[in-house]
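This report concerns only the one structure given below.
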Protein chains: 2
Amino acid sequence: MTAAPFPSGRTRRTAGDRRAQLVEIGLELLPTTPVQELTIDEVARRAGISRSLLFHYFATKRDYYTAVTQAAADLLWEHLLPRPGAPADEQVRGMIERYVGWVDTYRESHLAFVRGAAGGDPWVAGVYEDMRERLVDVTLGALGLPDDTARRQFVRAWFAFSEDLVNQWAREPAMSRDELVTLLVAVLDRLVGR
Amino acid sequence: MTAAPFPSGRTRRTAGDRRAQLVEIGLELLPTTPVQELTIDEVARRAGISRSLLFHYFATKRDYYTAVTQAAADLLWEHLLPRPGAPADEQVRGMIERYVGWVDTYRESHLAFVRGAAGGDPWVAGVYEDMRERLVDVTLGALGLPDDTARRQFVRAWFAFSEDLVNQWAREPAMSRDELVTLLVAVLDRLVGR
DNA sequence: GTAGCTTGTTGAGCGTTGCTCAGCAAGCCG
DNA sequence: CGGCTTGCTGAGCAACGCTCAACAAGCTAC
């Protein structure tokens, strides 16, 4: 090898740091690349490490991009969570407002996230499914409604409706943001029968 | 090589036949494998041909599974199309009924199709998008409504709603099929304002 | 029949990518 | 300094997408 073995910035990190860095890189790459198409080479290159090290932290490529997806889901989840102080009625509207804001702000990243989640891989789909189920719980709770099967299904399908509509709206707004939010609330209210 | 160069059934097919056969194999594999994960090796093996021949018909793996997705979309499209004779009012309900029947019959295949369509690959997503747009056209036409931007978006989002609800219903029916169809029709009617 | 053309078809092989494994070396303890 | 833990690497294998030069099945023309 040459005289200077390492350029300069080569530092040894703790396991936690490294993991976090790798997931972070995945999140940065998400908007431009479908999760499953992230290449280990690319990620390792960006982190300035060897491919092998990545496999030290994530046994499988799938493990890696599942972790990235989970991280994205966690970010969204924390942003959406109803603020405990708010009156029950405004909790749902608040969630919807924050969701619309989120999609509007992180358009591409969020679309990429949803795409990856909806796409083929069952593991990734599972991550998204979990979040959806928790969202249904929270929503039914905020509405003060019992959660029989039918109602759960309605709320879930309403999420699908909202996702699609908000995505379209972000691309080509056919109404004001307030009108959009009001419409979504109204559809939900009617669906779960109030 | 050995004395008997070819086992027996080795026949030379016309280009059209071969293409059709390969797409057919893709359709058979769809329910068990995400489209993008179809391996050329596996498909070629099933067809009893070499990998190279597949690349003769489809320049790229993407070209191949896009063709498979397109074939799946065509099947669904033809099944859903409103029968021209029926009165305008029953056309929409008829489409919904056929859709529910389709999902109920080809559960896994259809889910796999939707998954692949929603997933990362823009080409595949495009195939699905096209069908959706055409469905919106047909639906608005059958309802006799003008198609301004807002209404198109509502109908598209309603499709997303219906897809999700019907999929859940197929997995765990919380109501009769007729009730489901009636609900979907009612939601659509209310959304596009009748 | 056989020469010749078209075209369906193949095998060898290359580059990339996911993944393994044996071992190096950075930092800490005595 | 010796020894230990553990973050980290390089070489290399197998699988897969894709290329390319050439073979051969089936048809037509002589």
dA25(D), OP1 or OP2 - any side-chain N/O from R13(B) closer than 4.0 Å? no

Counting just side-chain N and O atoms, does R62(B) come under 4.0 Å of either OP1 or OP2 of dG17(D)?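 No, because none of the side-chain N or O atoms of R62(B) sits under 4.0 Å from OP1 or OP2 of dG17(D).
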
Verify whether the ring centers belonging to Y65(B) and F58(B) lie closer than 6.0 Å. no

Is the centre of the W102(B) ring less than 6.0 Å from the centre of the Y106(B) ring? yes

To the nearest Å, give me how far apart [atom1] ([X]) and [atom2] ([N]) are.
{"X": "I49(B)", "N": "dT10(C)", "atom1": "CD1", "atom2": "P", "value": "7 Å"}
{"X": "F55(B)", "N": "dC14(C)", "atom1": "CZ", "atom2": "C1'", "value": "13 Å"}
{"X": "L22(A)", "N": "dG7(D)", "atom1": "CG", "atom2": "P", "value": "13 Å"}
{"X": "F58(A)", "N": "dT17(C)", "atom1": "CZ", "atom2": "P", "value": "20 Å"}
{"X": "Q36(A)", "N": "dG18(C)", "atom1": "CD", "atom2": "P", "value": "12 Å"}
{"X": "K61(A)", "N": "dC19(C)", "atom1": "NZ", "atom2": "C1'", "value": "12 Å"}
{"X": "R51(B)", "N": "dA21(D)", "atom1": "CZ", "atom2": "C1'", "value": "16 Å"}
{"X": "D17(A)", "N": "dG27(C)", "atom1": "CG", "atom2": "P", "value": "14 Å"}

Side chains of Q21(A) and R18(A), donor plus acceptor under 3.5 Å: yes

Is the closest side-chain donor-acceptor distance between N167(A) and E163(A) under 3.5 Å? no

Checking all strands, does [X] fall into the base, sugar-phosphate, or nothing category for heavy-atom contacts under 4.0 angstrom?
{"X": "H56(B)", "result": "base"}
{"X": "L54(B)", "result": "nothing"}
{"X": "T39(B)", "result": "sugar-phosphate"}

Nearest-neighbour nucleotide for the [X] side chain, [options] considered:
{"X": "R12(A)", "options": "dC21(C), dT19(D), dT6(D)", "value": "dT6(D)"}
{"X": "Y57(B)", "options": "dC20(D), dA11(D), dG8(C)", "value": "dG8(C)"}
{"X": "L53(B)", "options": "dC16(D), dG7(D), dT9(C)", "value": "dT9(C)"}

Both D41(A) and S52(A) contact DNA chain C. Taking the nearest nucleotide for each, which residue is further toward the 5' end? D41(A)

Could you check whether any side-chain heavy atom of Q36(A) comes within less than 4.5 Å of a side-chain heavy atom of E37(B), counting everything from C-beta outward?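 Side-chain contact under 4.5 Å: yes.
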
Polar pair under 3.5 Å, donor/acceptor by atom type, side chain S50(A), base dG10(D): no

